[in-house]
Amino acid sequence: MKPTGLCQIDADGCDRAENHLYSGIHGDTQSMGSERAEMRKRQMQVHQEAAASVLQARHRMGNTPTNASNACCFCWCCCCSCSCLTVRGEDETIQRSTFEHRTEETTNNCEESPKPTLEDANSWAVSFERVMKSAAGRSCFRQFLRTEFSEENMMFWLACEELKKETNKIVVEEKVRQIYEDFISILSPKEVSLDSRVREVINKNMLEPTSQTFDDAQQQIYTLMQRDSYPRFINSSMYTDLLKSLEEAPPEP
């Protein structure tokens, strides 16, 4: 679980965040139409409801903050009464969910561990399913997505896979909240692209989080990667170079 900590923000920071929130919501209402504005309002409501459910879960675990009644519905810190959107404790950036693996350097090849066999790599051209069933395939495809600045699609898919393996209700609720905050929230820089229908389903599911909360969203992102990124990956120099390197590699003794 991500540590709550105390929100270290000053009055000016909060004022700027509040102004940003106000201008973001009301500006969109005027310029982007009523549908987008309504979507924002619904998502904000889900933020509040999800925050309340997490507080209840933490209370059952005996670690509810003493001032949790002033929970901030946007920063998820559950300890402040302001509407801060971006300011968080530095310690929160250190501990993240186990499914979110960050890589400091972006490479343009597929030679990271686990290294695939030539047969495995050749099978990726048969279908996207072959890529996703292979640990090496997922790793290589994820590296390709980084070059297209869409790695969040794979990160979200992997996070959903990890969520499905969880059976503890308290942990499920926390992971659902984390996934929502990281990949669904319109405030997140890693927000994945989902249509309004799927977002409506998620908003309803968030009222009673389960390990299947994001099933529809996960399937939509899978299809997006399959139709959009996968063909470019198979035709990329990254994939071609990988095959060439595997063909030229001496056979293992």
Side-chain angles (χ1 to χ4, degrees), residues 1-4 42-61 63 71 73-78 88 92-103 114 128-129 131-139 141-142 145-146 150-226 229-230:
M1 291 176 60
K2 183 171 63 178
T4 57
R42 288 196 297 269
Q43 285 193 289
M44 289 165 59
Q45 181 180 2
V46 171
H47 270 296
Q48 294 172 323
E49 293 169 344
S53 68
V54 170
L55 282 176
Q56 293 175 358
R58 286 174 176 168
H59 178 72
R60 291 195 295 270
M61 297 175 68
N63 61 347
C73 62
F74 296 103
C75 71
W76 296 102
C77 60
C78 301
R88 303 188 181 207
E92 289 189 333
T93 62
I94 299 176
Q95 298 184 8
R96 304 295 291 174
S97 296
T98 56
F99 57 75
E100 184 177 349
H101 173 68
R102 300 183 183 275
T103 303
F128 183 59
E129 184 180 7
V131 175
M132 297 299 280
K133 284 187 175 181
S134 165
R138 293 191 300 270
S139 176
F141 184 59
R142 179 171 175 175
L145 292 178
R146 288 177 197 154
S150 58
E151 184 185 9
E152 66 275 2
N153 290 331
M154 178 63 80
M155 294 170 67
F156 172 69
W157 188 89
L158 291 172
C160 292
E161 288 296 290
E162 288 298 315
L163 175 63
K164 290 177 181 178
K165 299 175 184 177
E166 188 56 60
T167 57
N168 184 289
K169 188 175 185 297
I170 303 300
V171 177
V172 166
E173 290 178 352
E174 174 63 15
K175 284 193 173 185
V176 166
R177 180 197 65 81
Q178 187 71 67
I179 293 174
Y180 187 94
E181 180 184 282
D182 285 347
F183 303 108
I184 308 300
S185 171
I186 58 176
L187 305 176
S188 173
K190 295 179 294 184
E191 177 191 6
V192 294
S193 179
L194 299 170
D195 62 33
S196 58
R197 180 193 66 81
V198 172
R199 286 187 175 275
E200 285 288 351
V201 171
I202 292 175
N203 289 346
K204 292 178 181 178
N205 291 344
M206 287 294 291
L207 299 178
E208 295 183 10
T210 69
S211 57
Q212 286 78 45
T213 292
F214 302 107
D215 279 3
D216 285 0
Q218 185 187 22
Q219 181 58 49
Q220 187 167 98
I221 293 303
Y222 182 95
T223 302
L224 175 64
M225 292 190 293
Q226 181 180 33
S229 301
Y230 169 66

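Here, residue 1 is the first one in the sequence, and each next residue gets the next number.
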In this structure, are over 12 heavy atoms from other groups packed under 6.0 Å from Lys164 atom NZ? yes
Would you say the side-chain atoms of Gln218 pair up with the backbone N or O of Trp157, donor to acceptor, closer than 3.5 Å? yes
Tell me, please, which residues at least two apart from Phe128 pass ring-ring contact (aromatic ring centres under 6.0 Å, His included). Phe141, Tyr222, Tyr230
Given 3.5 Å as the limit, does a donor-acceptor pair link the side chain of Arg199 with the main chain of Ile184, or not? yes
Below 4.0 angstrom, N of the basic side chain to O of the carboxylate: do Glu181 and Arg177 qualify? yes
CE on Met154 to CZ on Arg138, rounded to 0.5 Å: 7.5 Å
Could you tell me whether the side chain of Thr213 and the main chain of Thr210 form a donor-acceptor pair under 3.5 Å? yes
Within the distance-only criterion (no hydrogens, no angle test), does the side chain of Ser139 pair as donor or acceptor with the backbone N or O of Ala135 below 3.5 angstrom? no
Between Ser188 (side chain) and Asp182 (backbone), is there a donor-acceptor pair under 3.5 Å? yes
Measuring from Phe156:CZ to Leu194:CG, what's the distance to the nearest 0.5 Å? 6.0 Å
What's the separation between atom CG in Leu158 and atom CG in Leu163, rounded to the nearest 0.5 Å? 12.5 Å
Within a 6.0 Å radius of atom CD on Glu161, are there more than 12 heavy atoms belonging to other residues, nucleotides or ligands? yes
Could you tell me whether the side chain of Gln220 and the main chain of Val198 form a donor-acceptor pair under 3.5 Å? no
Before giving the answer on salt bridge (Lys or Arg N to Asp or Glu O under 4.0 Å), spell out for Glu173 and Lys169 the whole-Å C-alpha distance, their side-chain angles and the decisive distance to 0.1 Å. CA-CA 6 Å; Glu173 290 178 352; Lys169 188 175 185 297; 2.7 Å; yes
Restricting to side-chain contact (heavy atoms from CB on, under 4.5 Å), what partner residues turn up for Ser193, sequence neighbours left out? none
